[in-house]
Amino acid sequence: MFAEGAAAVLALPAAGTDDEGSPMPDGTDRSPDPGTFTGRFAWAGRLLGFGFGGLFDGILLHQVLQWHHLLSALEGAAFRDLRVQVLADGLFHLVMYAVSGVGLWLLWRSRHAFASPGADRRMAADLLIGFGVWHVIDGILSHW
């Protein structure tokens with residue numbers, strides 16, 4: 001019984017239907033061609049990689065290892081207060097959770113693309129692109 005329910009949840013929409021499986025009003029087929037990926041699929045991976053990069057930096061370097069904080073490079077008495085630093089790190093984490101949430105939502109909306117050949121490699125590449133973009137931006141804005 002569980003397997004039948006799981007199969008129904010994971011079933012891909014039929015040709016000529018929208019993402020929820022409802023028939024398209026004009027009867028057109030919106031299913032992806034094999035080997036092609038939508039921009040939504042690419043952005044899902046990139047945003048997830050970007051969010052994971054930020055969370056990796058924030059959790060590991062800011063909280064666990066405590067090498068630096070988001071506002072460590074700023075001058076002033078207010079920025080020397082550890083409570084301000086921790087608050088800024090927490091707000092930064094909220095933004096990274098939001099970016100990752102948008103990436104997950106886009107991934108859910110483009111779930112039909114996983115049926116295409118090479119989807120796993122494409123997703124891994126987009127995740128690495130997003131992860132790398134985060135570290136380039138972080139290096140330029142925070143460390144130079």
Side-chain angles (χ1 to χ4, degrees), residues 1-76 79 82-144:
M1 181 166 157
F2 175 75
E4 292 170 358
V9 169
L10 297 175
L12 297 175
T17 63
D18 63 10
D19 287 342
E20 285 77 32
S22 303
M24 299 299 295
D26 57 0
T28 59
D29 182 6
R30 285 199 185 166
S31 58
D33 296 329
T36 61
F37 302 99
T38 63
R40 186 183 295 161
F41 185 77
W43 276 106
R46 293 172 191 159
L47 287 175
L48 282 170
F50 189 87
F52 291 163
L55 289 170
F56 172 81
D57 181 294
I59 293 169
L60 183 66
L61 302 180
H62 296 191
Q63 291 180 331
V64 176
L65 298 175
Q66 298 180 10
W67 286 355
H68 67 281
H69 294 284
L70 185 65
L71 303 178
S72 293
L74 298 178
E75 300 292 328
F79 300 117
L82 185 59
R83 292 175 296 183
V84 172
Q85 295 287 342
V86 171
L87 175 63
D89 288 344
L91 294 173
F92 166 74
H93 284 123
L94 284 176
V95 171
M96 290 298 107
Y97 278 120
V99 168
S100 298
V102 171
L104 285 172
W105 180 76
L106 289 173
L107 184 62
W108 174 254
R109 297 287 296 160
S110 63
R111 64 193 177 275
H112 60 276
F114 276 110
S116 300
D120 54 345
R121 291 187 307 253
R122 175 65 188 261
M123 180 55 64
D126 287 329
L127 281 166
L128 288 174
I129 289 170
F131 196 83
V133 166
W134 159 255
H135 286 290
V136 168
I137 291 173
D138 180 50
I140 291 171
L141 294 180
S142 296
H143 300 287
W144 281 357

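Fair warning: this is a prediction, and the values are worked out from it, not measured in the lab.
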Could you give the distance from [atom1] ([X]) to [atom2] ([Y]), rounded to the nearest 0.5 Å?
X    : Y    : atom1 : atom2 : value
L55  : F50  : CG    : CZ    : 10.5 Å
H68  : L70  : NE2   : CG    : 8.0 Å
L104 : Y97  : CG    : OH    : 12.0 Å
R40  : W105 : CZ    : CH2   : 6.5 Å

Applying ring pair (Phe, Tyr, Trp, His ring centres under 6.0 Å), name anything that partners F79, two or more places apart in sequence or on another chain.
-> none
All ring pair (Phe, Tyr, Trp, His ring centres under 6.0 Å) counterparts of F52, not counting sequence neighbours | none
How close do [X] and [Y] get, counting heavy atoms only, and between which atoms?
X    : Y    : value
Q66  : Q63  : CG-O, 3.1 Å
M96  : G54  : SD-CA, 3.7 Å
F114 : A119 : CA-CB, 3.7 Å
L47  : V102 : CD1-CG1, 3.7 Å
S100 : G51  : OG-CA, 3.4 Å
L107 : M123 : CD1-CE, 3.4 Å

Flag side-chain contact, heavy atom, 4.5 Å: [X] against [Y]:
X    : Y    : value
V84  : H69  : no
D57  : W67  : no
V133 : V136 : no

Indicate yes or no for a side-chain donor-acceptor contact from D126 to the backbone of R46 under 3.5 Å, with no hydrogens or angles considered.
->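 Between the backbone of R46 and the side chain of D126 there is no qualifying donor-acceptor contact (under 3.5 Å).
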Aromatic ring pairing F56/H135, orientation class (parallel under 30°, perpendicular over 60°, tilted between) | perpendicular
